[in-house]
Peer 1: 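Here it is, the structure, as structure tokens.
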Amino acid sequence: MKFTSALAMLASLTTAIATSTFTPIKPPSQPLAVRSPYLSTWQPAGSGGGNGGYLAGQWPSFWNGRTLGWQGLIRVDGTTYNFMGDMSGLSNLVTQTNYEYTATQSIYTQTVNNAIKLTVTFLSPITPDDWKRQSLVFSYMNLSVESIDGNTHTVQVYSDISAEWVSGNSNNIAQWEYGTASDDVVYHQIFRQTQEAWTEISDQTEFGNWYWATTSQSGYSYQNGEDSVVRAQFINSGSLANTQDTNYRAISNSWPVFAHAFDLGSVGTSSVSRVFSIGLCQDEPIQYTTSSGVVPQTSLYLDYFNTQLDALSFFQTDYATAYELSSALDAQLQEDSVNANGENYAILTTLGLRHAFGGIQWTGTEESPLVWLKEISSDGNMNTVDVIFPAHPAYIYTNATILKLLLDPLFQNQEAGLYPNTYSMHDIGAHYPNATGYPAGNDEAMPLEESGNMIIMTLMYYAITKDTSYLEQHYKLLSQWAEYLVADALIPANQASTDDFEGALANQTNLAIKGIVGIQAMSVIANLTGNTADASNYSSIASDYVTQWIGFANATTDELPHLTLNYGNSSTWSLLYNAYADKALNLGIIPQSIYDQQSEFYPSVLEAFGIPVDTRHQWSKSDWQVWTAATANEPTRQDMIDAVATWAAATSEWLPFGDLYETQTGAYVYQFANRPVQGGLLAVLVANMGLIV
Ligand SMILES: *[C@@H]1O[C@H](CO)[C@@H](O)[C@H](O)[C@H]1NC(C)=O
Ligand SMILES: *[C@@H]1O[C@H](CO)[C@@H](O)[C@H](O)[C@H]1NC(C)=O
Ligand SMILES: *[C@@H]1O[C@H](CO)[C@@H](O)[C@H](O)[C@H]1NC(C)=O
Ligand SMILES: *[C@@H]1O[C@H](CO)[C@@H](O)[C@H](O)[C@H]1NC(C)=O
Ligand SMILES: *[C@@H]1O[C@H](CO)[C@@H](O)[C@H](O)[C@H]1NC(C)=O
Ligand SMILES: *[C@@H]1O[C@H](CO)[C@@H](O)[C@H](O)[C@H]1NC(C)=O
Ligand SMILES: *[C@@H]1O[C@H](CO)[C@@H](O)[C@H](O)[C@H]1NC(C)=O
Ligand SMILES: *[C@@H]1O[C@H](CO)[C@@H](O)[C@H](O)[C@H]1NC(C)=O
């Protein structure tokens, strides 16, 4: 079948249904404030549950779909319009003319009564090389207004948040405080009255302080109190009462909201803007089991700032720099992606990077940081090896040291003797934010999967940094895992791979090649650390295994040659995404004839929205398709990328960018949403780097 580009398909859709355009596409959900597993606020867009991609007239939500009150109002010449959120009793909505996303921004262009243009920019910074900024769990909203009809207009703007941000259960009691920090930064601080450290309700965090801030300047006013009261105050007068309601109560009891407003006075053709910050401060966000027991981990931002308010003031006054750094990253990613595989590829990478960075959180000090990842939406495991693995191209592309910081806790735990199995552990804790390990070894068993992943990712990190000491430091454990691969990779026992939703199976072709590539990677690690006897031993084992593997895995009966899903079943096939590290690191262990054969085969199993992971279901994974595309020859690579981009634009799903979906209907499977694995969409960029080890 022939594929229309996602852009062309979208253009025809949008002219039919709405006045807003969407650049480059309308993603399932539009990122508003997305910086960590807990600051993850989105605007549902897909028609299945969203309003079609408009900021006004629908509540934003947490990544899992739960409403987070965030209301925006603009008053022009005395008439109030809703530019964001879904408050009741106000039917005037602004007119949205365009929505655009980049890797770090969502930009809504709106007009009010054909008189005023309102541009709302949501910036969730990504600064991979600047850990001071990266440590802050905060996002920006910038409101910019200008006249578009040649006249001046009096304009006031308003925005509030509800207390829904502080707990996953609206019966819980919220408390709050209004105050002024340095540099005229004014803020509402909102928190759960009963702090429950390290706990979650429906994935929302139940401790820490939320801040909703702006900079006080002429025309500023504030208020907190019941939603209808505070909003009516603005609608009626264009300013707030500068009063506080100290009747702390349940989140849903006369819904308290926390508002800022600005009277911008008379606005002409030069634009006037105001910047707001939203974020979360948790001093000790993580619990981590080390040899000395369970140790709370201090947030990295506290290494740079003495207090939460110092951090808040820095962030609020740093917009220009954060915008510049993030825009530079946006431009670089866009350009690299277009150069690699065109606009359709950029659709995916610019959407994917945010998930890789929105799923992590930083603790420790500048000298000794750690990075924690949540396996969002599947089960909440922490630093899951087979989630870091698909995501890792995003960290390799931006700053490979972040990958090391994600792997460090896994190495530390196992090297401290806190895990009894000889293969690699699956994750560092059954539920975020408790990195309490598995002293009984009872984690989800994916022995071949995770042992191969750890060795391969360690070498990937080395390929960028040339950090030989890291290889030396972990040589013993890496060798132990390599022994496991030698024993199990060629004839894999009946076990789950990372695609555990497909079920367990013996002799999986793709799992076997991960193990074999892992043995070859271990050979390189051995050589780099002066263990030359080990190097030649592992290398000859890997070569011998590859030859045998081709014999076991190559289908014998089909017309179109291909590898099977499992040995000996010629009617099966799967995406051979585990060949990726061989390509990306130029290991040369898999013969080119295999890549050529698979590149010829894949188009024959391409569905409307992509190629299924394997013959067991019509399901596919966005990340594995792009990984596989990175191993394929053109034009197969481009066709595979186009299909995933077409899906992202066409699906009616509305939870943030799922990675597991049905390739014929486009529906999500198991509602996998907002997962860090979307960092894998950058796989082609890393494969194009020409890494040599
Ligand atoms: C990542 O950023 C840190 C902090 O700036 C820097 O020290 C490190 O060298 C960077 N790593 C890579 C691989 O660029
Ligand atoms: C807010 O965004 C507008 C563009 O929409 C820009 O002109 C303005 O400078 C930004 N505000 C600040 C304070 O940087
Ligand atoms: C983390 O551990 C604490 C006990 O230290 C427990 O109260 C909390 O419920 C756990 N959190 C999760 C998300 O399981
Ligand atoms: C796995 O493949 C090997 C080699 O073809 C074969 O000997 C063995 O019986 C297979 N195991 C299973 C469980 O199918
Ligand atoms: C070890 O590295 C050297 C230098 O790059 C290379 O010549 C040799 O073939 C490598 N040995 C193995 C076993 O990979
Ligand atoms: C090569 O590695 C295998 C598997 O680890 C081991 O059994 C064998 O003794 C090694 N051979 C040499 C010569 O080191
Ligand atoms: C796989 O088997 C087919 C025959 O079914 C053959 O044409 C092809 O060359 C084999 N591929 C490889 C890489 O050996
Ligand atoms: C071969 O694969 C097909 C498709 O998955 C399956 O229905 C069949 O049972 C498999 N046959 C064997 C012998 O495993």
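Order of listing sets the numbers, starting from 1, for every ligand and every atom in it. Note: hydrogens, waters and symmetry copies are ignored here, and every other heavy atom, side chains too, is used.
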Peer 1: Less than 4.0 Å between atom 11 (N) of ligand 1 and some protein heavy atom, yes or no?
Peer 2: yes
Peer 1: In ligand 2, which numbered atoms sit nearer than 4.0 Å to a non-hydrogen atom of Val275?
Peer 2: 13 (C)
Peer 1: Tell me, which protein residue and heavy-atom name are nearest atom 4 (C) of ligand 5, and how many Å apart are they?
Peer 2: Asn527 ND2, 4.6 Å
Peer 1: Which atoms from ligand 5 have a heavy atom of Ala535 less than 4.0 Å away?
Peer 2: 13 (C)
Peer 1: Just by distance, with hydrogens left out, do Tyr470 and Asp408 show a side-chain donor and acceptor under 3.5 Å apart?
Peer 2: yes
Peer 1: Does a donor on one side chain and an acceptor on the other come within less than 3.5 Å for Asp330 and Thr102?
Peer 2: yes
Peer 1: For atom 2 (O) of ligand 1, which of Thr127, Asp129, Asn399 has the closest heavy atom?
Peer 2: Asn399
Peer 1: Check each of Leu123, Thr119, Thr109, Leu118 against atom 5 (O) of ligand 2 and report the one with the nearest heavy atom.
Peer 2: Thr119
Peer 1: Determine, counting only non-hydrogen atoms of the protein, whether one lies under 4.0 angstrom from atom 7 (O) of ligand 5.
Peer 2: no
Peer 1: If you have a sec, work out which protein heavy atom is nearest atom 9 (O) of ligand 2 and how many Å separate them, to one decimal?
Peer 2: Ser273 OG, 4.3 Å
Peer 1: Give the atom numbers and elements of ligand 2 that come within less than 4.0 Å of a heavy atom of Tyr319.
Peer 2: 12 (C), 14 (O)
Peer 1: So which heavy atom on Ser543 is nearest to which on Ile589, and how close?
Peer 2: N-CD1, 3.8 Å
Peer 1: For Thr465 and ligand 1, does the shortest N/O to N/O distance drop below 3.5 Å?
Peer 2: no
Peer 1: What protein heavy atom sits nearest atom 1 (C) of ligand 2, and how far away is it?
Peer 2: Asn142 ND2, 1.5 Å
Peer 1: What is the distance from atom CG of Leu490 to atom CD1 of Ile541, rounded to the nearest 0.5 Å?
Peer 2: 11.0 Å
Peer 1: For ligand 1 and Asp130, I'd like to know whether there is a polar contact (N/O to N/O, distance under 3.5 Å).
Peer 2: no
Peer 1: Taking the six-membered ring for Trp and the single ring otherwise, decide whether the centroids of Tyr178 and Tyr222 are under 6.0 Å apart.
Peer 2: yes
Peer 1: Please check if the side chain of Glu146 supplies one atom and the backbone of Val272 the other of a donor-acceptor pair under 3.5 Å.
Peer 2: no
Peer 1: Please could you name the atoms of ligand 1 that Thr401 approaches to less than 4.0 Å, counting only its heavy atoms?
Peer 2: 1 (C), 8 (C), 10 (C), 11 (N), 12 (C), 13 (C)
Peer 1: Would Lys132 and Phe314 count as a cation-pi pair here, with the cationic atom under 6.0 angstrom from the ring centre and within 45° of the axis?
Peer 2: yes
Peer 1: Regarding Tyr211 and Gln308, is there a side-chain donor-to-acceptor distance under 3.5 Å anywhere?
Peer 2: yes
Peer 1: Would you mind running through ligand 1 and noting each atom that sits below 4.0 Å from a heavy atom of Ala400?
Peer 2: 13 (C)
Peer 1: Take a 6.0 Å sphere around OH of Tyr304 and say whether it holds more than 12 heavy atoms from other residues, nucleotides or ligands.
Peer 2: yes
